[in-house]
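In each ligand, atom 1 is the first atom listed, and ligand 1 is the first ligand listed. Atom set for the values below is all heavy atoms of this structure, side chains included, hydrogens, waters and symmetry mates excluded.
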Amino acid sequence: MIEHRNAQPWTGRGDPEDGDLALRMHHLAGRDDAGSALIGFACDAGVLRNKSNPGAAEAPPAIRGALANLAAPRQPRGFHDAGDLVVPGDDPAPGQQALAEHLAPLVARYPRVVVLGGGHETAWGSWRGLRRAMPHARIGIVNIDAHLDIRAIGPSGPSSGTPFHQIRQADPDGFDYAVLGLAEESNTEALRARARDWDVAIVEDHALQTSAEAGFDVIDALSARSDVIYLTIDLDVLPAAQAPGVSATAARGVPLHVVEGLVARTLASGKVRLADIVELCPPRDHGDRTARCAALLARRLLG
Ligand SMILES: [Mn+2]
(Lines give C-alpha, C1' and ligand atoms only; values in the text may rest on other atoms or scores of the structure.)
Protein backbone atom coordinates (compact mmCIF):
# COMPACT_ATOMS: atom_id res chain seq x y z
CA MET A 1 0.00 0.00 0.00
CA ILE A 2 1.53 3.28 -1.12
CA GLU A 3 0.90 6.24 1.13
CA HIS A 4 0.77 9.74 -0.32
CA ARG A 5 1.79 12.26 2.34
CA ASN A 6 0.79 15.83 1.70
CA ALA A 7 3.51 18.45 1.81
CA GLN A 8 4.35 19.92 5.19
CA PRO A 9 4.47 23.71 5.45
CA TRP A 10 7.94 25.01 4.53
CA THR A 11 9.72 26.93 7.28
CA GLY A 12 13.12 28.55 7.58
CA ARG A 13 15.11 31.62 8.34
CA GLY A 14 13.70 35.08 7.61
CA ASP A 15 15.56 38.38 7.40
CA PRO A 16 12.77 40.98 7.04
CA GLU A 17 15.17 43.75 8.08
CA ASP A 18 16.91 43.25 4.72
CA GLY A 19 13.78 43.99 2.73
CA ASP A 20 11.80 42.23 0.02
CA LEU A 21 14.80 40.67 -1.71
CA ALA A 22 15.84 38.66 1.33
CA LEU A 23 14.11 35.59 -0.05
CA ARG A 24 15.06 32.01 0.63
CA MET A 25 13.83 28.86 -1.04
CA HIS A 26 11.24 28.17 1.69
CA HIS A 27 9.56 31.47 0.77
CA LEU A 28 8.98 30.20 -2.77
CA ALA A 29 7.15 26.99 -1.80
CA GLY A 30 3.47 27.16 -2.63
CA ARG A 31 3.57 30.58 -4.30
CA ASP A 32 0.92 31.27 -6.92
CA ASP A 33 3.50 31.84 -9.67
CA ALA A 34 4.81 28.25 -9.44
CA GLY A 35 6.83 27.34 -12.52
CA SER A 36 7.87 23.95 -11.22
CA ALA A 37 6.81 21.21 -8.88
CA LEU A 38 8.60 18.72 -6.72
CA ILE A 39 7.57 15.36 -5.33
CA GLY A 40 9.41 13.01 -2.98
CA PHE A 41 9.81 9.27 -3.56
CA ALA A 42 10.56 7.77 -0.15
CA CYS A 43 11.69 4.31 -1.17
CA ASP A 44 14.31 1.84 0.04
CA ALA A 45 12.99 -1.06 -2.00
CA GLY A 46 15.29 -0.52 -4.99
CA VAL A 47 18.53 -0.35 -3.03
CA LEU A 48 17.52 -3.29 -0.83
CA ARG A 49 16.91 -5.37 -3.94
CA ASN A 50 20.24 -4.19 -5.34
CA LYS A 51 22.06 -5.63 -2.27
CA SER A 52 22.96 -2.11 -1.21
CA ASN A 53 22.56 0.08 1.89
CA PRO A 54 19.08 1.24 2.91
CA GLY A 55 18.38 4.86 3.79
CA ALA A 56 17.21 6.37 0.49
CA ALA A 57 13.67 6.51 1.87
CA GLU A 58 14.83 9.29 4.21
CA ALA A 59 16.16 11.42 1.35
CA PRO A 60 13.18 13.64 0.42
CA PRO A 61 12.84 15.37 3.82
CA ALA A 62 16.64 15.64 4.10
CA ILE A 63 16.90 17.41 0.74
CA ARG A 64 13.98 19.72 1.56
CA GLY A 65 15.69 20.53 4.87
CA ALA A 66 18.94 21.48 3.14
CA LEU A 67 17.07 23.42 0.45
CA ALA A 68 14.82 25.53 2.67
CA ASN A 69 17.37 28.13 3.78
CA LEU A 70 19.29 28.50 0.52
CA ALA A 71 18.94 31.95 -0.99
CA ALA A 72 16.35 32.22 -3.73
CA PRO A 73 17.61 32.70 -7.29
CA ARG A 74 17.91 36.21 -8.68
CA GLN A 75 14.60 35.98 -10.48
CA PRO A 76 12.66 33.87 -8.05
CA ARG A 77 9.62 31.88 -9.11
CA GLY A 78 7.45 29.78 -6.88
CA PHE A 79 7.33 26.01 -6.84
CA HIS A 80 4.65 23.56 -5.84
CA ASP A 81 5.43 20.82 -3.32
CA ALA A 82 3.36 17.76 -4.18
CA GLY A 83 4.38 15.87 -1.03
CA ASP A 84 5.87 12.39 -0.74
CA LEU A 85 5.03 8.91 -1.89
CA VAL A 86 6.01 6.47 0.83
CA VAL A 87 6.86 2.98 -0.43
CA PRO A 88 6.95 0.19 2.18
CA GLY A 89 8.79 -3.13 1.95
CA ASP A 90 11.24 -4.38 -0.62
CA ASP A 91 9.16 -4.35 -3.80
CA PRO A 92 9.59 -1.06 -5.69
CA ALA A 93 7.00 -1.84 -8.38
CA PRO A 94 3.83 -0.50 -6.69
CA GLY A 95 5.69 2.66 -5.71
CA GLN A 96 7.06 3.17 -9.21
CA GLN A 97 3.55 2.76 -10.59
CA ALA A 98 2.20 5.33 -8.12
CA LEU A 99 5.02 7.72 -8.99
CA ALA A 100 4.19 7.49 -12.70
CA GLU A 101 0.52 8.16 -11.95
CA HIS A 102 1.29 11.19 -9.79
CA LEU A 103 3.84 12.59 -12.20
CA ALA A 104 1.79 12.58 -15.39
CA PRO A 105 -0.62 15.39 -14.34
CA LEU A 106 2.24 17.34 -12.73
CA VAL A 107 4.24 17.21 -15.96
CA ALA A 108 1.15 18.31 -17.89
CA ARG A 109 0.66 21.28 -15.58
CA TYR A 110 4.17 22.53 -14.74
CA PRO A 111 7.02 23.38 -17.12
CA ARG A 112 9.38 21.33 -14.94
CA VAL A 113 8.92 18.62 -12.35
CA VAL A 114 11.65 17.48 -9.96
CA VAL A 115 11.55 14.13 -8.16
CA LEU A 116 13.56 13.66 -4.99
CA GLY A 117 14.34 9.90 -4.78
CA GLY A 118 14.73 7.16 -3.60
CA GLY A 119 17.38 4.98 -5.13
CA HIS A 120 17.78 4.87 -8.89
CA GLU A 121 14.68 2.67 -9.17
CA THR A 122 13.01 6.09 -9.03
CA ALA A 123 13.87 6.41 -12.74
CA TRP A 124 11.46 3.64 -13.76
CA GLY A 125 8.62 5.65 -12.20
CA SER A 126 9.91 9.02 -13.44
CA TRP A 127 10.30 7.98 -17.06
CA ARG A 128 6.88 6.33 -17.18
CA GLY A 129 5.26 9.46 -15.74
CA LEU A 130 6.85 11.55 -18.46
CA ARG A 131 5.88 9.01 -21.13
CA ARG A 132 2.28 9.05 -19.90
CA ALA A 133 2.16 12.85 -20.10
CA MET A 134 3.87 12.92 -23.51
CA PRO A 135 3.01 9.64 -25.27
CA HIS A 136 4.57 10.52 -28.62
CA ALA A 137 7.55 12.64 -27.59
CA ARG A 138 11.11 11.62 -28.37
CA ILE A 139 12.52 11.38 -24.84
CA GLY A 140 16.27 11.78 -24.46
CA ILE A 141 17.72 10.56 -21.16
CA VAL A 142 20.72 12.31 -19.60
CA ASN A 143 21.99 10.32 -16.63
CA ILE A 144 24.77 11.87 -14.55
CA ASP A 145 25.94 8.74 -12.78
CA ALA A 146 28.90 6.50 -12.01
CA HIS A 147 26.80 3.51 -13.12
CA LEU A 148 24.96 2.41 -16.23
CA ASP A 149 22.06 0.88 -14.27
CA ILE A 150 21.16 -1.39 -17.20
CA ARG A 151 21.50 -4.70 -15.39
CA ALA A 152 19.29 -7.56 -16.50
CA ILE A 153 16.40 -8.35 -14.21
CA GLY A 154 17.41 -11.31 -12.05
CA PRO A 155 15.42 -13.64 -9.81
CA SER A 156 14.93 -10.95 -7.15
CA GLY A 157 13.26 -8.68 -9.68
CA PRO A 158 13.82 -5.07 -10.74
CA SER A 159 16.04 -2.93 -8.50
CA SER A 160 17.95 0.34 -8.39
CA GLY A 161 20.40 -1.25 -10.86
CA THR A 162 17.91 -2.09 -13.61
CA PRO A 163 15.78 1.02 -14.44
CA PHE A 164 17.33 1.89 -17.81
CA HIS A 165 17.11 -1.74 -18.90
CA GLN A 166 13.40 -1.58 -18.07
CA ILE A 167 13.00 1.67 -20.00
CA ARG A 168 14.68 0.17 -23.04
CA GLN A 169 12.41 -2.86 -22.86
CA ALA A 170 9.39 -0.57 -22.77
CA ASP A 171 10.60 1.65 -25.60
CA PRO A 172 13.27 -0.19 -27.63
CA ASP A 173 13.07 2.07 -30.67
CA GLY A 174 12.91 5.35 -28.79
CA PHE A 175 15.64 4.53 -26.26
CA ASP A 176 18.21 7.36 -26.40
CA TYR A 177 20.45 7.30 -23.37
CA ALA A 178 23.61 9.12 -22.28
CA VAL A 179 25.63 8.46 -19.12
CA LEU A 180 27.97 11.18 -17.92
CA GLY A 181 30.51 10.37 -15.21
CA LEU A 182 30.75 6.62 -15.65
CA ALA A 183 33.36 4.88 -13.49
CA GLU A 184 34.86 2.02 -15.48
CA GLU A 185 35.64 0.08 -12.31
CA SER A 186 32.03 0.19 -11.12
CA ASN A 187 30.47 -1.38 -14.24
CA THR A 188 31.30 -4.91 -15.32
CA GLU A 189 32.31 -5.60 -18.90
CA ALA A 190 28.93 -7.32 -19.34
CA LEU A 191 27.25 -3.97 -18.77
CA ARG A 192 29.76 -1.98 -20.82
CA ALA A 193 29.30 -4.39 -23.75
CA ARG A 194 25.52 -4.08 -23.43
CA ALA A 195 25.86 -0.30 -23.46
CA ARG A 196 27.87 -0.51 -26.70
CA ASP A 197 25.21 -2.77 -28.23
CA TRP A 198 22.55 -0.27 -27.27
CA ASP A 199 24.47 2.78 -28.54
CA VAL A 200 24.55 4.38 -25.11
CA ALA A 201 26.59 7.59 -25.21
CA ILE A 202 29.19 7.53 -22.42
CA VAL A 203 31.52 10.17 -21.03
CA GLU A 204 33.78 8.67 -18.40
CA ASP A 205 34.57 10.30 -15.06
CA HIS A 206 38.26 10.65 -16.09
CA ALA A 207 37.23 13.21 -18.72
CA LEU A 208 35.16 15.22 -16.24
CA GLN A 209 37.65 16.04 -13.51
CA THR A 210 38.20 19.75 -14.07
CA SER A 211 35.51 20.92 -16.47
CA ALA A 212 32.15 19.82 -17.81
CA GLU A 213 33.20 20.60 -21.37
CA ALA A 214 33.89 16.98 -22.34
CA GLY A 215 30.17 16.30 -21.87
CA PHE A 216 28.85 19.15 -23.96
CA ASP A 217 28.87 17.44 -27.38
CA VAL A 218 26.94 14.47 -26.04
CA ILE A 219 24.40 16.69 -24.26
CA ASP A 220 23.94 18.96 -27.27
CA ALA A 221 23.53 16.11 -29.76
CA LEU A 222 21.02 14.29 -27.55
CA SER A 223 19.06 17.50 -26.95
CA ALA A 224 18.98 18.32 -30.66
CA ARG A 225 17.37 14.99 -31.60
CA SER A 226 14.94 14.87 -28.64
CA ASP A 227 11.64 16.64 -28.05
CA VAL A 228 12.11 16.50 -24.32
CA ILE A 229 14.90 15.62 -21.92
CA TYR A 230 14.62 13.55 -18.79
CA LEU A 231 17.60 14.49 -16.60
CA THR A 232 18.49 12.10 -13.82
CA ILE A 233 21.24 12.82 -11.31
CA ASP A 234 22.66 10.01 -9.20
CA LEU A 235 24.55 11.58 -6.29
CA ASP A 236 26.93 8.62 -6.25
CA VAL A 237 28.66 10.23 -9.22
CA LEU A 238 30.20 12.72 -6.76
CA PRO A 239 33.53 11.96 -5.04
CA ALA A 240 33.13 10.24 -1.66
CA ALA A 241 34.61 13.30 0.09
CA GLN A 242 31.81 15.49 -1.26
CA ALA A 243 29.11 12.85 -1.11
CA PRO A 244 29.64 10.26 1.61
CA GLY A 245 25.89 9.90 2.04
CA VAL A 246 25.07 7.61 -0.86
CA SER A 247 24.48 3.88 -1.08
CA ALA A 248 27.69 3.29 -3.09
CA THR A 249 30.46 5.89 -2.72
CA ALA A 250 32.83 6.86 -5.54
CA ALA A 251 36.58 6.80 -4.90
CA ARG A 252 37.26 9.08 -7.90
CA GLY A 253 33.94 10.63 -8.81
CA VAL A 254 33.04 13.81 -10.68
CA PRO A 255 33.33 16.98 -8.59
CA LEU A 256 30.23 19.01 -7.80
CA HIS A 257 31.23 22.03 -9.88
CA VAL A 258 31.56 19.78 -12.94
CA VAL A 259 28.19 18.15 -12.25
CA GLU A 260 26.71 21.66 -11.98
CA GLY A 261 28.23 22.48 -15.36
CA LEU A 262 26.68 19.38 -16.93
CA VAL A 263 23.31 20.24 -15.39
CA ALA A 264 23.51 23.83 -16.63
CA ARG A 265 24.34 22.70 -20.15
CA THR A 266 21.44 20.23 -20.13
CA LEU A 267 19.02 22.86 -18.83
CA ALA A 268 20.24 25.28 -21.51
CA SER A 269 18.57 23.01 -24.08
CA GLY A 270 15.25 24.31 -22.79
CA LYS A 271 13.91 20.75 -23.05
CA VAL A 272 14.21 19.41 -19.50
CA ARG A 273 10.63 18.75 -18.40
CA LEU A 274 11.47 16.17 -15.76
CA ALA A 275 14.48 15.72 -13.49
CA ASP A 276 15.25 13.59 -10.49
CA ILE A 277 17.95 13.45 -7.84
CA VAL A 278 18.52 9.96 -6.47
CA GLU A 279 20.56 7.77 -4.13
CA LEU A 280 20.93 10.16 -1.21
CA CYS A 281 21.31 7.98 1.89
CA PRO A 282 21.00 10.27 4.95
CA PRO A 283 22.07 7.64 7.54
CA ARG A 284 25.47 7.45 5.81
CA ASP A 285 25.86 11.22 5.37
CA HIS A 286 28.34 13.31 7.36
CA GLY A 287 27.21 16.75 8.48
CA ASP A 288 24.55 16.85 5.76
CA ARG A 289 27.22 17.46 3.15
CA THR A 290 25.64 15.15 0.56
CA ALA A 291 22.18 16.58 1.26
CA ARG A 292 23.66 20.04 0.68
CA CYS A 293 25.03 18.98 -2.70
CA ALA A 294 21.57 17.63 -3.53
CA ALA A 295 19.97 20.90 -2.40
CA LEU A 296 22.24 23.02 -4.64
CA LEU A 297 21.24 20.87 -7.59
CA ALA A 298 17.55 20.91 -6.64
CA ARG A 299 17.60 24.71 -6.38
CA ARG A 300 19.02 24.94 -9.87
CA LEU A 301 16.43 22.51 -11.25
CA LEU A 302 13.52 24.30 -9.60
CA GLY A 303 14.69 27.80 -10.61
MN1 LIG B 1 22.48 5.14 -10.62
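In summary, the side chains of Asp276 and Thr122 do not present any donor paired with an acceptor at a separation below 3.5 Å, with no hydrogens or angles considered.
Excluding waters, the count of protein N/O/S atoms less than 2.8 Å from the Mn ion (ligand 1) comes to 4.
The list of salt bridge (Lys or Arg N to Asp or Glu O under 4.0 Å) pairs with a residue in residues 237-254, not counting sequence neighbours, reads Glu185-Arg252, Asp205-Arg252. Within the structure, the ring pair (Phe, Tyr, Trp, His ring centres under 6.0 Å) test picks out the following pairs touching residues 32-86 (sequence neighbours left out): Trp10-Phe79, His80-Tyr110. A side-chain hydrogen bond (donor to acceptor under 3.5 Å, both in side chains) check over residues 289-303, counting only residues at least two apart or in different chains, returns the pairs Asp285-Thr290.
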Q: Determine, stepwise, if the pair Asn53 / Ser247 fulfils side-chain hydrogen bond (donor to acceptor under 3.5 Å, both in side chains).
A: CA-CA 5 Å; Asn53 301 292; Ser247 316; 5.8 Å; no
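By the 4.0 Å N-to-carboxylate-O rule, Arg225 lies close enough to Asp176 to be salt-bridged with it.
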